[in-house]
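Side chains are part of it too, since the values below use all heavy atoms of this structure and drop only hydrogens, waters and symmetry mates. Residue numbers run from 1 in the order of the sequence given.
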Amino acid sequence: MQLANNPDFENGRWFPTWRPYRGDLDHNPVGINEYLPASKSILLGIQHTFAMFGATVLAPLLMGFDPNLAILMSGICTVMFFMITGGRMPSYLGSSFAFIGPVIAVTAYAGVGFNTNLDVALGGIMACGIIYALIGLLVMKTGTGWIERLMPPIVTGAIVMIIGLNLAPVTIQGVSANQFDAWMAALTVLLISSVAVFTRGMLRRLLLLVGLILSYIAYYVMTNILGFGTAIDFTSVAAAAWFGLPGIHAPRFEMSAIILIAPVAFILVAENLGHFKAVEGMTKSRVTPYMGRAFLADGVATTFSAGFGGTGVTTYAENIGVMAVTKVYSTTIFVIAGLVAILLGLSPKFGAIIQTIPPALLGGASIVVFGLIAIAGVKIWIDSHIDFSKNSNLIIAAVTVIMGTGNFSLHLGGFDLGGIGTATLTAIILNALFNSQKE
């Protein structure tokens with residue numbers, strides 16, 4: 001993969017040298033250290049907020065956390081990530097699904113309402129964040145060579161692909177409750193895809209936002225006016241306050257919880273390594289030297305979020321999928337997305353409005369985004385010229401993709417690796433066995 005030589009990006013300082021974008025949005029990507037006019041940046045930032053919203057709200061609901069607090073923390077943590085990485089890694093930090101299994105196991109959460117053992121889970125998540133941050137410091141000190149030997153492009157491409165494919169069954173099940181929802185999800189896919197293919201310039205870059213708005217209008221007409229399907233209920237919007245702080249919860253540290261939750265740090269390393277490699281492949285910028293900063297930033301952000309009662313956070317594949325199709329890589333867009341999320345987290349009324357988006361529409365958008373993530377994994381293989389005439393590469397890719405897609409999960413003691421974790425560990429072991437020597 002040929003990486004561009006960008007002296008403004010590789011200037012030896014903490015932040016890159018920022019430049020206004022001078023290209024044609026129809027033909028030229030927006031670089032990491034470039035920025036667009038405020039009006040366009042705000043719209044693109046809002047789109048990134050929409051892209052992360054469904055998953056960032058769903059994860060806390062599955063663990064019994066406060067979703068409004070999760071939204072607030074995701075915004076704060078994204079801005080924090082921008083500062084610690086020096087604006088060199090375009091990423092949004094949202095609620096991590098990697099914590100769901102361990103948190104439910106530790107707290108014995110029943111799946112409905114508030115998690116009464118939340119404090120114990122928060123202590124484990126904070127410990128995980130600290131370990132993750134220490135790994136980041138180690139990478140900053142020693143470089144990324146040892147991680148890249150463990151996870152070369154054949155491995156990271158497979159990891160990125162399964163991150164998208166692993167979520168596919170949940171997404172499809174979520175929009176298959178009835179035929180009306182299934183058709184509305186299909187319409188959402190069609191509208192978003194049409195915006196991506198048939199429009200130009202800024203409108204094309206806002207494909208998710210525009211597609212969701214159009215599908216929302218169509219859903220409202222079909223349900224609230226024509227009487228098909230479940231109507232959108234605006235009662236919660238009318239009742240919600242314009243401004244309000246979500247509830248803060250203090251952590252409690254118990255060794256049993258820490259032992260179960262802390263190892264998630266290694267899953268986050270593998271997951272984010274795949275994300276960062278995908279970013280490097282898309283942007284053609286040398287972001288690998290700043291990977292240690294990114295691990296440190298994510299670890300500090302996870303510790304901070306859990307310290308106030310929020311979920312653990314991770315860089316979001318959904319937003320990487322948005323970048324893949326919009327070709328806008330500017331990190332200033334993510335600061336705006338973080339600020340929008342902070343406003344949403346501090347406003348129950350805005351949060352209530354967003355939560356009126358029907359699951360079928362979010363599911364349709366997820367189909368597009370998760371598909372783009374999977375294809376980003378293929379792109380890593382193509383850009384890295386992976387030789388699939390070698391049986392070693394064929395086996396690593398084949399086994400990893402099927403394990404991850406099928407959610408094949410192994411347990412280490414009381415720790416559930418999950419489908420992505422198991423597939424990642426398998427890919428690393430197979431690569432060490434088969435590719436340790438040149439054929």
Checking side chain to side chain contact (heavy atoms under 4.5 Å, CB included) for the pair Ile71/Thr49: CA distance, chi angles, key distance, verdict?
CA-CA 9 Å; Ile71 290 289; Thr49 306; over 6 Å; no

If you apply the rule side chain to side chain contact (heavy atoms under 4.5 Å, CB included), what do you find for Thr315 with Phe276, and how did you get there?
CA-CA 9 Å; Thr315 57; Phe276 301 146; 3.7 Å; yes

Walk me through whether Phe99 and Val106 qualify under side chain to side chain contact (heavy atoms under 4.5 Å, CB included).
CA-CA 11 Å; Phe99 290 97; Val106 164; over 6 Å; no

Using the side chain to side chain contact (heavy atoms under 4.5 Å, CB included) rule, take Val401 and Leu165 through it: C-alpha gap first, then chi angles, then the decisive distance, then the call.
CA-CA 8 Å; Val401 169; Leu165 296 177; 4.0 Å; yes

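A side-chain donor-acceptor contact under 3.5 Å links Thr311 and Ser95. Side-chain N/O atoms of Asn272 and Thr314 include a donor and acceptor closer than 3.5 Å.
Two residues are said to be in side-chain contact when any heavy atoms from C-beta on lie closer than 4.5 Å; Glu280 and Thr288 meet this criterion. Two residues are said to be in side-chain contact when any heavy atoms from C-beta on lie closer than 4.5 Å; Trp18 and Thr331 meet this criterion. Two residues are said to be in side-chain contact when any heavy atoms from C-beta on lie closer than 4.5 Å; Thr302 and Ile125 meet this criterion. Side-chain contact between Ile135 and Leu268: absent, with no pair of heavy atoms (C-beta onward) separated by less than 4.5 Å. Proximity of Met89 to Phe334: side-chain heavy atoms (C-beta onward) are nowhere separated by under 4.5 Å. Residues Phe15 and Met83 form a side-chain contact, since some pair of their non-hydrogen atoms from C-beta on lies under 4.5 Å apart. Contact annotation: the side chain of Leu245 approaches that of Leu346 to within less than 4.5 Å [non-hydrogen atoms, C-beta and beyond]. Side-chain atoms of Asp181 and Tyr219, non-hydrogen and from C-beta on, do get closer than 4.5 Å to each other.
Residues Ile192 and Leu212 approach most closely at CG1-N, 4.4 Å, considering heavy atoms. Taking all atoms of both residues into account, the shortest heavy-atom contact from Tyr21 to Pro29 is CE1-O, 3.3 Å. For the pair Ala341 and Ser74, the tightest heavy-atom approach, listed with the atom from each and the gap, is CB-OG, 4.0 Å. Nearest heavy-atom pair, Trp381 versus Ile154, reported as atom, atom and distance to 0.1 Å: NE1-O, 3.3 Å. Between Thr400 and Ala158, the shortest heavy-atom contact is CG2-CB, 3.6 Å. Contact between Trp242 and Ser347 at its shortest, heavy atoms only, is O-OG, 2.6 Å.
Atom CD1 of Ile213 sits about 11.5 Å away from atom CG of Leu191, to the nearest 0.5 Å. Considering CE of Met73 and CG of Leu93, their distance stands at 13.0 Å, rounded to 0.5 Å. Interatomic distance, OG1 of Thr326 versus NE2 of His48, reported as 5.5 Å (0.5 Å rounding). The line from CD1 of Ile32 to OG1 of Thr332 is 11.5 Å long, rounded to the nearest 0.5 Å. Residue Ser389 holds its OG atom at 8.0 Å from CG of Leu394, rounded to the nearest 0.5 Å. Taken from OH in Tyr92 to OG1 in Thr78, the straight-line distance is 4.5 Å, to the nearest 0.5 Å.
Looking at Ser305, its side chain never comes within 3.5 Å of a backbone N or O of Ala301 through a donor-acceptor pair. With hydrogens and angles ignored, the 3.5 Å screen pairs a side-chain donor or acceptor of Asn33 with a backbone N or O of Thr17. When atom types are taken as modelled, the side chain of Lys349 and the backbone of Ala241 share no donor-acceptor pair closer than 3.5 angstrom. Formation of a donor-acceptor pair under 3.5 Å by the Asn431 side chain with backbone atoms of Ala427 is not found in this model. Arg88 contributes a side-chain N or O that, together with a main-chain N or O of Trp14, makes up a donor-acceptor pair within less than 3.5 Å.
In summary, the aromatic rings of Tyr216 and Tyr220 are positioned with their centroids too far apart to meet the 6.0 Å limit.
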